[in-house]
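Just so it is clear, the structure is predicted and the values come from calculations on it, not from any experiment.
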Amino acid sequence: MATLPGEEEAESSGDLAGLQLEAIIGFNGHVPCGLICHPDREHLIYPLGCTVIVQGINIRTQNFLHGHTNNVSCVTISSSGSYVASGQITFMGFKADIILWDYKKKEMLARLSLHKGKIENLAFSPNDLYLVSLGGQDDGSGTIRVWELDLPNRKIRPTECQTGQLKRIVTCMMMMDDDKYFYIGTSTGDVLKINTESTLMSDYGPAKEKFSLGVTALLLLKTGDLVIGTGTGIVAHCSGSNYKVKKKVQLQGAITSITPRGQGHQFFVGTEEAHIYRFSYSDFKDELIVTCHNEAIHDIIFPYGTSDLFATCSKSDIRVWYTPENRELLRITIPNMTCHAIDFMRDGKSIISAWNDGKIRAFTPETGQLMYAIEHAHSMGVTAVTTTSDCKRIISGGGEGQVRVWEVGKETRKLEEVMKEHISAISCIKIKKNNQECVTASIDGTCIIWDLVRFMRRQMILANTLFKCVCYHPDEHQLITSGTDRKIGYWEVFDGSPIRDLEGSLSGSINGMDITSDGTYFVTGGDDHLVKVWDYNEGEVTFVGVGHSGSITRLKICPNNKYIVSVSADGAILRWKYPHVH
């Protein structure tokens, strides 16, 4: 079996207690037909990384089906709703597993390992007795075949479907309940209706105005009408043999799933931009019910003293979340830009953000309006940012390695000082409680402690690593650092001397760290996909959280130590129960 980063580690730390995963904010909208409404009509099932999520529609409960060792590539539910099956991708030549799950118990029933590379699709027989699987690249997507079961001889025999002069690439399919006909969506943007028995095409359309970027999802209504999803994010209600559009709605991102809720009056739509919408057939109006990042998340921050809100940033946007309901409250979008780091001003009146176009932007947390922008803050993009507790200064780090101190007043933004010692990008800045000292970590292999009164270097910490993160211990006599050498370093603030070195991970960089307000425990996360809780004095891991399927980029312990929130390169946000309750 191919072990993945973190897998052998998770096994070797098997005697450690596991962190309890409370919630996941994330949805892989790139999996075709990956969003499915369970026959109980109360739950949605969808993939995120290696996990399959079972989410309550009305009651916001979540269950997680853990067992895959790499990203889930397809998922299906039996018609009775008793079973769920999911398939995964693996590295070339390795076995790609299918897992059969008991839906009620949320447990694994069987692991089926025959295919290699990738499971393309799965389907249960209507009586729940059989599961059919389709392996990786088979015979090309241009052929349409009907296979007949020859049970006595244990064979299945194909018949090519006749579509005349039409040559099409198939993107999705939908079978009628009575099996007489099936519909095929194509990359050309039309729909073919084929007779199952005769394997002849009975009609196709629309003849003139084809759907732009292809038909990517289909849903057949009881009336015989079709709901069509397209590559441009349009959901259209079509009727008649020429598929005339009766109503259409524009959504965000290409449509990859359309799933009905029972026989009822609703259906759900999933898009590539990781959005899930609820529709009612009657008025054909959309309601956005799930949102999440679909790009790598670069930073996460809680406002001072509250754990009910937090903010995350990624390519093009900053999002503010309501923690108890995993709900997005606000989205601030700057198209085609990347936000590297964020901080809340202590007074809660602004979100300060660092952008790759060299600007520092401040927004209001309630409305997301731009309050001000500091132009040309850094020449190679702003890579790190923090604020002083008196709300009077911003300290920023740039891709060129400079550290800059900005005075911010009601109307003014003034560059107070430039500190040039680092020779490469700043990855993290932390500030002392009295605002008179800060520490900057850089990928140039140094951490520098700065005097913010005289604007001079106090100490330099050197290591053979690209530093990704640094934290003051709350008593501010010591620092901990992490980076690409997989080590956690403890250092004296006074003279920059090393105190101890811990083996932080068996594989990959440690990218994020946070420490509790009393300094007893700290948490780390990185390329091994594991969240680790450490005892500061003992230097021992006390808990491990397994759940991420992408590299962890940052993580934070919320202000009242109720939970840990970790974010990753695949756009997922995971919330864990904080294990050490006093």
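In this structure a side-chain-to-backbone donor-acceptor pair under 3.5 Å is present from E400 to Q402. Side chain of S442 to backbone of A425: a donor-acceptor contact under 3.5 angstrom is found. A donor-acceptor pair is defined here as one N or O able to donate and one able to accept, closer than 3.5 Å; no such pair exists between the side chain of H473 and the backbone of Q478. Between the side chain of D343 and the backbone N or O of T387, at least one donor-acceptor pair lies under 3.5 Å. With hydrogens and angles ignored, the 3.5 Å screen pairs no side-chain donor or acceptor of R361 with any backbone N or O of S353. The main-chain N or O of T484 is found under 3.5 Å from a side-chain atom of T465 such that the two form a donor-acceptor pair. Between the side chain of T553 and the backbone N or O of A569, no donor-acceptor pair lies under 3.5 Å. At distances below 3.5 Å, not a single donor-acceptor pair connects side-chain atoms of R486 with backbone N or O atoms of E503. Judged by distance alone, the side chain of S509 and the main-chain N or O of D527 form no donor-acceptor pair under 3.5 Å. With S314 contributing its side chain and I297 its backbone, the two residues share no donor-acceptor pair below 3.5 Å.
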Run S316 and E295 through side-chain contact (heavy atoms from CB on, under 4.5 Å) and show every step you take. CA-CA 9 Å; S316 303; E295 301 269 358; over 6 Å; no
What's the verdict on side-chain contact (heavy atoms from CB on, under 4.5 Å) for I461 and L479, showing C-alpha distance, side-chain angles and the deciding distance? CA-CA 10 Å; I461 289 167; L479 289 171; 3.6 Å; yes
Determine, stepwise, if the pair I395 / V403 fulfils side-chain contact (heavy atoms from CB on, under 4.5 Å). CA-CA 7 Å; I395 297 152; V403 180; 3.9 Å; yes
Please test E476 against V493 for side-chain contact (heavy atoms from CB on, under 4.5 Å), starting from the C-alpha separation and ending with a verdict. CA-CA 7 Å; E476 299 181 333; V493 171; 5.8 Å; no
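Closest approach of Y536 and G519 over heavy atoms only: CB-O, 3.3 Å. Minimum heavy-atom separation, S86 to W101: OG-NE1, 2.8 Å. Residue S549 comes nearest to N71 through the heavy atom pair CB-OD1, 4.0 Å, listed as atom of the first residue, atom of the second, then distance. Between R554 and C469, the closest heavy-atom pair is NH1-SG, 4.1 Å. Taking all atoms of both residues into account, the shortest heavy-atom contact from T271 to F27 is O-CE2, 3.8 Å. V408 and C391 get closest at one heavy-atom pair: CG2-O, 3.8 Å.
A salt bridge does not link R393 with E407: every distance from a Lys NZ or Arg NE/NH1/NH2 to an Asp or Glu carboxylate oxygen is 4.0 Å or more. Between R458 and D451, at least one side-chain N (NZ, or NE/NH1/NH2) sits under 4.0 Å from a carboxylate O, which counts as a salt bridge. Using a cut-off of 4.0 Å between Lys/Arg side-chain N and Asp/Glu carboxylate O, R111 and D97 are scored as salt-bridged. Ionic pairing of E22 and R575 is present here: one or more N-O contacts between side-chain nitrogen and carboxylate oxygen are shorter than 4.0 angstrom.
Counting only heavy atoms from C-beta outward, the side chains of I515 and P474 approach each other to under 4.5 Å. Side-chain atoms of L16 and K532, non-hydrogen and from C-beta on, never get closer than 4.5 Å to each other. The side-chain heavy atoms of I557 and Y521, taken from C-beta on, include no pair separated by under 4.5 Å. Residues L452 and I431 are in side-chain contact: their nearest non-hydrogen atoms beyond the backbone lie under 4.5 Å apart. A heavy-atom distance below 4.5 Å is not found between the side chains of Y472 and K433. At a threshold of 4.5 Å between non-hydrogen side-chain atoms, the residues I99 and V52 do not count as touching. In this structure, the side chains of W576 and V523 stay at 4.5 Å or more apart for every pair of heavy atoms.
Atom CE of residue M460 and atom OG1 of residue T440 lie 9.0 Å apart, to the nearest 0.5 angstrom. Rounding to the nearest 0.5 Å gives a distance of 8.5 Å between CG of D514 and CD1 of I480. Atom CG in L65 sits 9.0 Å away from atom CE in M108 (nearest 0.5 Å). Between atom OG1 of residue T524 and atom CG of residue L555 there is a gap of 7.0 Å, rounded to the nearest 0.5 Å. With rounding to the nearest 0.5 angstrom, the CG atom of L574 is 7.5 Å from the CG atom of L48. For the atom pair N326 CG and Q55 CD, the distance stands at 7.5 Å (nearest 0.5 Å).
Counting non-hydrogen atoms of neighbouring residues, nucleotides and ligands closer than 6.0 angstrom, the CG atom of L370 exceeds 12 such neighbours. Within 6.0 Å of the NZ atom in K432, the count of heavy atoms belonging to other residues, nucleotides or ligands exceeds 12. Environment of OH in Y372: crowded, with over 12 heavy atoms of neighbouring residues, nucleotides or ligands closer than 6.0 Å. Remark: M380 CE is loosely packed, at most 12 non-hydrogen atoms of other residues, nucleotides or ligands lying under 6.0 Å away. Surrounding CG of D495 are more than 12 heavy atoms belonging to other residues, nucleotides or ligands, all under 6.0 Å away. Within 6.0 Å of atom OH in Y304, 12 or fewer heavy atoms from other residues, nucleotides or ligands are found, so the atom counts as exposed in its surroundings. Heavy-atom contacts from other residues, nucleotides or ligands closer than 6.0 Å to NZ of K392 number 12 or fewer. Other residues, nucleotides and ligands contribute over 12 non-hydrogen atoms within 6.0 Å of the CG atom of D475.
Side-chain contact of D570 with S568: a donor-acceptor pair under 3.5 Å is present, judged by distance alone. N560 and S307 are linked by a side-chain donor-acceptor pair at a separation below 3.5 angstrom, with hydrogens and angles left out of the test.
The side-chain contact (heavy atoms from CB on, under 4.5 Å) test with D299 is passed by exactly one of C428, C313, C339: C313. When each of F310, W321, F344 is checked for a ring pair (Phe, Tyr, Trp, His ring centres under 6.0 Å) with F302, only F310 meets the rule. None of H275, Q252, E328 except one satisfies the side-chain contact (heavy atoms from CB on, under 4.5 Å) rule with L288; the exception is H275.
The aromatic rings of H422 and W450 sit perpendicular to each other, their planes meeting at more than 60°, with 30° as the lower class boundary. Taking the six-membered ring where the residue is Trp, H340 and H298 present tilted rings, their angle falling between 30° and 60°.
Annotation: F543 is in aromatic contact with H580 [ring centroid separation under 6.0 Å].
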